[in-house]
Amino acid sequence: QVQLVETGGGLVQAGGSLRLSCVASGSIFSINTMGWYRQAPGKQRELVAEVTSGGSTNYADSVKGRFTISRDNAKNTEYLQMNSLKPEDTAVYYCNAVVRRVTGGTLRLDTYWGQGTQVTVSS
């Protein structure tokens with residue numbers, strides 16, 4: 001099994017910063033794309049940012065210039081540095097990873113989600 005654990009959420013005022021971390025553990029052979037999604041009450045889950053194993057990144061238009069996604073392949077960890085936070089950024093943030101894992105000598109490609117971490121930005 002593979003588990004993803006997010007940390008770093010919290011309550012900040014508008015203009016503040018937070019850094020989210022996501023650590024993947026378990027029977028991991030390799031991790032392809034890692035990303036961050038968020039979901040606010042009454043809204044659908046949306047992609048915030050993603051990074052491939054090769055380092056290519058993609059951001060939602062709403063966070064470009066403010067958020068930075070990165071990963072440490074040696075630690076199976078991804079990060080989301082969030083600067084200049086706005087109340088509109090308030091949501092539960094979920095870590096996502098596409099993982100190749102070893103189970104019983106077999107390789108499988110599966111998508112995993114963390115439990116989510118709450119980010120609240122007050123005005």
Side-chain angles (χ1 to χ4, degrees):
Q1 290 185 323
V2 175
Q3 297 180 13
L4 274 56
V5 179
E6 305 102 330
T7 58
L11 173 64
V12 298
Q13 292 188 330
S17 298
L18 284 174
R19 189 189 190 219
L20 306 183
S21 299
C22 173
V23 180
S25 62
S27 300
I28 299 172
F29 182 79
S30 64
I31 301 178
N32 290 356
T33 301
M34 301 188 76
W36 290 96
Y37 291 72
R38 67 186 182 187
Q39 187 168 27
K43 299 181 66 177
Q44 64 185 32
R45 188 173 299 185
E46 64 176 352
L47 173 69
V48 177
E50 61 183 0
V51 56
T52 69
S53 60
S56 298
T57 58
N58 182 43
Y59 297 92
D61 289 339
S62 60
V63 306
K64 286 181 179 177
R66 300 188 297 119
F67 291 9
T68 302
I69 189 170
S70 61
R71 63 190 289 173
D72 186 335
N73 291 328
K75 297 180 179 180
N76 287 331
T77 301
E78 70 167 344
Y79 308 93
L80 185 67
Q81 179 66 47
M82 304 184 293
N83 298 325
S84 302
L85 283 162
K86 304 175 180 179
E88 303 91 274
D89 296 317
T90 296
V92 177
Y93 284 70
Y94 296 91
C95 177
N96 171 271
V98 180
V99 179
R100 282 189 170 87
R101 62 186 182 93
V102 180
T103 56
T106 301
L107 283 174
R108 291 184 59 86
L109 184 64
D110 296 298
T111 300
Y112 292 90
W113 294 90
Q115 290 295 111
T117 184
Q118 177 70 46
V119 172
T120 302
V121 184
S122 64
S123 59

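When reading the values below, keep in mind they use all heavy atoms of this one structure, side chains included, and skip hydrogens, waters and symmetry mates.
- Side-chain N or O atoms of Arg108 include none that pairs as donor or acceptor with a backbone N or O of Val99 at under 3.5 Å.
- Between the Glu6 side chain and the Gly116 main chain, a donor and an acceptor come within less than 3.5 Å of each other.
- Each of Arg38, Gln39, Gln118 was evaluated against Tyr93; a single residue qualifies, Arg38, per the side-chain hydrogen bond (donor to acceptor under 3.5 Å, both in side chains) test.
- Atom CD1 in Ile31 sits 8.5 Å away from atom CD in Glu78 (nearest 0.5 Å).
- When the shell of 6.0 Å around CD of Glu46 is examined, it contains more than 12 heavy atoms from other residues, nucleotides or ligands.
- Contact check on Lys86 versus Asp89 returns no salt bridge, with no Lys/Arg side-chain nitrogen under 4.0 Å from an Asp/Glu carboxylate oxygen.
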Determine whether Thr111 and Asn96 satisfy the following criterion, side chain to side chain contact (heavy atoms under 4.5 Å, CB included), listing intermediate values before the conclusion.
CA-CA 7 Å; Thr111 300; Asn96 171 271; 3.1 Å; yes
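- In this structure, the side chain of Arg66 engages the main chain of Ser84 through a donor-acceptor pair within 3.5 Å.
- Val92 and Val48 are not part of a single hydrophobic cluster, where members link through side-chain heavy atoms under 4.5 Å apart.
- Looking only at distances, no side-chain donor or acceptor of Arg101 sits under 3.5 Å from a matching main-chain atom of Gly26.
- Contact record, Tyr79 with Ser21: CD2-OG, 3.3 Å, taken as the closest heavy-atom pair.
- Summarising the geometry of Tyr94 relative to Trp113, their closest heavy-atom pair is CB-CE3, 3.8 Å, with the distance given to 0.1 Å.
- Here Cys22 contributes atom SG and Gln3 contributes atom CD; the two are 11.5 Å apart, rounded to the nearest 0.5 Å.
- For the pair Leu80 and Ala49, the tightest heavy-atom approach, listed with the atom from each and the gap, is CD1-CB, 4.3 Å.
- If you take OG1 on Thr52 and CZ on Arg71, they are separated by 7.0 Å, rounding to the nearest 0.5 Å.
- Proximity of Phe67 to Leu85: side-chain heavy atoms (C-beta onward) are separated by under 4.5 Å at one or more points.
- Shortest non-hydrogen contact noted between Ala24 and Leu4 is CB-CD1, 4.0 Å.
- Side chain of Thr90 to backbone of Val121: a donor-acceptor contact under 3.5 angstrom is found.
- The same ILVMFWY cluster, assembled from side-chain heavy atoms under 4.5 Å apart, contains both Val63 and Ile69.
- In this model, no donor atom of one side chain and acceptor atom of the other lie less than 3.5 Å apart for Asn32 and Ser53.
- Heavy-atom minimum distance, Met82 versus Val119: CE-CG2, 3.9 Å.
- Val98 has its side chain within reach of Leu109: a pair of non-hydrogen atoms, C-beta onward, lies under 4.5 Å apart.
- Residues Val23 and Met34 do not share a hydrophobic cluster, defined by chaining ILVMFWY side chains whose heavy atoms lie under 4.5 Å apart.
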